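What follows is a short report on a single structure.
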Amino acid sequence: MNYWLVKSEPSTYSWDDLEKDKKTTWDGVRNFQARNNLKEMKKGDILLFYHSNEDKAIVGIAKVAREQFPDPKDKDWIAVEISPERKLKTPVTLAQAKADAKLANMVLVKSSRLSVQPVKKEEFDWIIKRSEG
DNA sequence: GCCAACGTTGGC
DNA sequence: GCCAACGTTGGC
């Protein structure tokens, strides 16, 4: 069981869109590091859903519904399917994560541009604790 | 809206 | 194979 974080601009595709759709194809990733992370994803892995730009916060938890398959728009790349698990009671903002010593090494904090990134279990647990006490 | 940081491309 | 130029992301 692995933990990941995926980013999306809410104006492009938000958590609410995902809840409405029940399932979505996570495609359009055009970065090698991000692609490698997509490849590693197994069905049932947990994803933190992050809103970039407007919110700059982790807003929900999703899971991998289908493991890697060719990106329908470009066969050289890959996609996965994800489905919503639950919304966080309170979003955990980037500012909070940055201010938190326990999350100082999180990829989100250190390398903010990577759109699909691994999350350590401790980091995941800590974020949930921050959000829901 | 600006710009820093980073990844990718392409000329040499 | 290096590195400058360019494009994109995303925080501010």
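Residue numbers start from 1 in every chain, and the chains themselves are labelled A, B, ... in the order their sequence lines are given, proteins ahead of strands. None of the values given here were measured: they were computed from a predicted structure.
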To the nearest Å, give me how far apart [atom1] ([X]) and [atom2] ([N]) are.
X: A/Arg113; N: C/dT8; atom1: CZ; atom2: P; answer: 11 Å
X: A/Leu114; N: B/dG7; atom1: CG; atom2: C1'; answer: 11 Å
X: A/Asn31; N: B/dA5; atom1: CG; atom2: C1'; answer: 13 Å
X: A/Arg30; N: B/dC6; atom1: CZ; atom2: C1'; answer: 19 Å
X: A/Phe32; N: B/dT8; atom1: CZ; atom2: P; answer: 6 Å
X: A/Arg35; N: B/dT8; atom1: CZ; atom2: P; answer: 10 Å
X: A/Glu54; N: C/dC12; atom1: CD; atom2: P; answer: 15 Å
X: A/Lys56; N: C/dG11; atom1: NZ; atom2: P; answer: 6 Å

Under 4.0 Å, heavy atom to any atom of DNA chain B: which of residues 96-110 of chain A qualify? none
Does this structure show an ion pair linking [X] with [Y], if we count only N-O contacts that are shorter than 4.0 Å?
X: A/Glu122; Y: A/Lys129; result: no
X: A/Asp71; Y: A/Arg30; result: yes
X: A/Lys63; Y: A/Glu85; result: yes

Give A/Glu9 one of three labels, base, sugar-phosphate or nothing, depending on what nucleic acid heavy atoms sit under 4.0 Å from its own. nothing
Go through B/dT8, C/dG11, C/dT8 for me and flag the one nearest to the A/Asn53 side chain. C/dG11
Out of B/dC6, B/dG7, C/dG10, which has the shortest distance to the side chain of A/Ser115? C/dG10
Distance flag, aromatic centroids of A/Phe124 and A/Trp4, threshold under 6.0 Å: no
Measuring to OP1 and OP2 of C/dT9, would you say a side-chain N or O of A/Tyr50 lies under 4.0 angstrom away? no
Check: A/Asn31 side chain, A/Gln33 main-chain N or O, donor-acceptor pair, under 3.5 Å: yes
State which residues pass side chain to side chain contact (heavy atoms under 4.5 Å, CB included) with A/Val64; sequence neighbours excluded, sorted by chain then number. A/Met41, A/Asp45, A/Leu47
Contacts of A/Arg113 that satisfy side chain to side chain contact (heavy atoms under 4.5 Å, CB included) - sequence neighbours left out: none
